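First the structure, in the form of structure tokens, and then the observations on it.
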Protein chains: 2
Amino acid sequence: MDDIDRKLIAALQRDATTAYATLGKEVGLSAGAAHERVRKLRERGVIRRTTVDVDPAALGQGVLAYVMVDSSAWMGDSAAAFAAIPELVEAHVIAGSASVLVKVRAATTERLQDVLRRLYGIEGVSGTQATVVLETFFERGVAADLTG
Amino acid sequence: MDDIDRKLIAALQRDATTAYATLGKEVGLSAGAAHERVRKLRERGVIRRTTVDVDPAALGQGVLAYVMVDSSAWMGDSAAAFAAIPELVEAHVIAGSASVLVKVRAATTERLQDVLRRLYGIEGVSGTQATVVLETFFERGVAADLTG
DNA sequence: GGTGAAAACCGAGACCC
DNA sequence: GGGTCTCGGTTTTCACC
């Protein structure tokens, strides 16, 4: 994992359709060498997958909210229960007063309310505290060029 | 934007390296027709870009936290100031007591503290409240198969 | 690890329905 | 809109360094 790997990752985050010949030029390598580097990054799991970034509004999911989920029990084994709610795009176990923090994308605030109802249906959930997003400044990938 | 478009988006979210011939088979279309559909989805901005999903820990950014940023002024024009901090992977203007919610990836909790310091450097910021993530259940794309 | 080239494969477009 | 075909570029693999 050297500087060339980080540059390749940054370039692929920007546009994963970039040809290996172009990638190679950007980092000072031949197309074959760039290809081999990227293949190993995938193999080692550094690059998890190639995917597309979709506009949520275009899919009719214009409402974004973060919900703090309080619980009366250990939530560490409840990943599947949260994953079963398709509107949840993220779910994290957190330190602090709440137990789980989830990111929700829904069509309307009424639908958001329905998601909250389903969250209450998860065993151990005792409360929710929703924060609605008014405007998203940005959403981007991990910075590949930090020293770490 | 019909059911075939949604299936194509879902397939590309899973693996954007899938060949158009394979995509076409999955939705009952020829490779050329699938290609044309995807081209239009990109053109209309439904698909914003093709990117790679990178393991933050592999890049030495193993600490994830959400920070509520309080302010004493209107923050709506501060997008650039937040974007200038590379550890911030998301920034949203929110409804509620805080003004902005940011998602931070850092190498260590010491580095997280440094990010908080830089957040205080943004004009108008009067306080922060960080929530550290202990375990991530999942992070995934918008569900493409909801009625909306 | 990297290079350069060969071969299989795929994307992108033209044309017709 | 979709199907079919074709061409040029790209991926992928290989022997060699």
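Because the structure is a prediction, the values reported are computed rather than measured. We name chains A, B, ... by the order of the sequence lines, and we start the count at 1 in each one.
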I'd like a list of close polar pairs between nucleotides 14-17 of chain D and the protein, N/O only, cut-off under 3.5 Å.
none

Side chain to side chain contact (heavy atoms under 4.5 Å, CB included) partners of [X], counting only residues at least two apart:
X        : answer
B/Leu134 : A/Val93, A/Ala95
A/Asp55  : A/Ala57, A/Ala58, B/Arg48
A/Arg42  : A/Tyr20, A/Val38, A/Ile47, A/Thr50
B/Arg39  : B/Glu36, B/Glu43

Review point. Would you call B/Glu90 and A/Lys103 a salt bridge, taking side-chain N to carboxylate O under 4.0 Å as the test?
Key: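 A salt bridge links B/Glu90 with A/Lys103.
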Check your understanding: Applying ring-ring contact (aromatic ring centres under 6.0 Å, His included), which residue pairs with at least one partner in residues 116-140 of chain A are found, sequence neighbours left out?
Key ->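 Pairs touching residues 116-140 of chain A that pass the test: A/Phe137-B/Phe82.
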Send over the distance from [X] [atom1] to [N] [atom2], rounded to a whole Å.
X       : N      : atom1 : atom2 : value
B/Glu43 : C/dA12 : CD    : C1'   : 14 Å
B/Tyr20 : D/dT11 : OH    : P     : 13 Å
B/Leu23 : C/dA12 : CG    : P     : 12 Å

Exercise for review: For DNA chain D, produce a single dot-bracket line, 5' to 3'. Pairs: Watson-Crick or G-U wobble, both distances under 3.5 Å. Symbols: ( ) within strand, [ ] crossing, | other strand, . unpaired.
Suggested key: ||||||.||||||||||
Run the salt bridge (charged side-chain N to carboxylate O under 4.0 Å, His left out) test against [X] and tell me which residues pass, sequence neighbours left out.
X       : answer
B/Glu87 : B/Arg118
A/Asp2  : A/Arg37
B/Asp3  : B/Lys7

Exercise for review: Starting from B/Tyr66, walk the hydrophobic network (Ile, Leu, Val, Met, Phe, Trp, Tyr; side-chain heavy atoms closer than 4.5 Å) and list everyone else you reach, by chain and number.
Suggested key: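 Cluster partners of B/Tyr66: A/Leu64, A/Tyr66, A/Met68, A/Ile94, A/Leu101, A/Val133, B/Leu64, B/Met68, B/Ile94, B/Leu101, B/Val133.
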Revision key, fill the gap. Per-nt protein contacts along nucleotides 2-7 of chain D (heavy atom under 4.0 Å; B base, S backbone sugar-phosphate only, - none) come out as SBB---
**Study point:** OP1 or OP2 of D/dT12 under 4.0 Å from side-chain N/O of A/His35
**Key:**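 Looking at the OP1 and OP2 atoms of D/dT12, one of them is under 4.0 Å from a side-chain N or O of A/His35.
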